[in-house]
Amino acid sequence: MRVRTMADAGAVVRGAREEAGLTQVELAARARVSREWLVAFENGKPNANLRLALAVWQALDLVVDVVADPDH
């Protein structure tokens with residue numbers, strides 16, 4: 001999935017969390033973030049802290065690749 005917005009990033013996390021069978025509380029504990037922050041992130045929080053986002057992605061064993069968009 002292409003992630004172009006924070007809403008996209010949140011949707012990826014929510015989908016991966018649900019696929020892993022984790023609750024928001026469980027993922028927040030694994031990533032060492034608050035459940036409130038995770039809820040906001042999954043909902044596309046526009047100013048999410050990158051360090052915390054990376055911790056969540058790592059807790060879900062997600063890999064983030066940054067590539068140049070050939071359309072831009």
Side-chain angles (χ1 to χ4, degrees):
M1 172 179 191
R2 285 188 177 196
V3 175
R4 293 179 182 249
T5 66
M6 291 308 294
D8 294 344
V12 167
V13 167
R14 184 181 310 107
R17 176 182 59 75
E18 290 173 348
E19 186 174 308
L22 296 171
T23 66
Q24 289 174 330
V25 171
E26 291 167 332
L27 177 55
R30 283 186 185 192
R32 295 189 174 126
V33 300
S34 71
R35 180 186 171 274
E36 292 77 17
W37 185 90
L38 181 60
V39 167
F41 183 55
E42 286 188 358
N43 287 320
K45 180 179 181 171
N47 60 346
N49 180 304
L50 182 57
R51 181 183 61 79
L52 298 179
L54 289 171
V56 169
W57 290 327
Q58 184 177 21
L60 288 168
D61 292 325
L62 295 175
V63 175
V64 178
D65 290 328
V66 178
V67 296
D69 186 351
D71 296 335
H72 288 96

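Numbers here simply count residues along the sequence, with the first being 1.
- Partners of R2 by salt bridge (charged side-chain N to carboxylate O under 4.0 Å, His left out), not counting sequence neighbours, listed by chain and number: D69, D71.
- Atom CZ of R35 sits about 12.0 Å away from atom CD of E26, to the nearest 0.5 Å.
- Between F41 and V33 the shortest side-chain heavy-atom distance does not fall below 4.5 Å.
- Summarising the geometry of W57 relative to V64, their closest heavy-atom pair is CE3-CG2, 3.4 Å, with the distance given to 0.1 Å.
- With a 6.0 Å radius and a threshold of 12 heavy atoms from other residues, nucleotides or ligands, R14 has its CZ atom above the threshold.
- Clustering ILVMFWY residues whenever any of their side-chain heavy atoms sit less than 4.5 angstrom apart, transitively, puts L50 in the very cluster that holds L62.
- When side chains are defined from C-beta on, L27 counts as touching V13, because their heavy atoms get closer than 4.5 Å.
- Within the model, atoms CG of L52 and NZ of K45 stand 8.0 Å from one another, a figure rounded to the nearest 0.5 Å.
- The shortest heavy-atom contact between V3 and A9 is CG1-N, 3.6 Å.
- Residue M6 holds its CE atom at 11.5 Å from CG of N43, rounded to the nearest 0.5 Å.
- The neighbour count for Q58 CD, taken as heavy atoms of other residues, nucleotides or ligands under 6.0 Å away, does not exceed 12.
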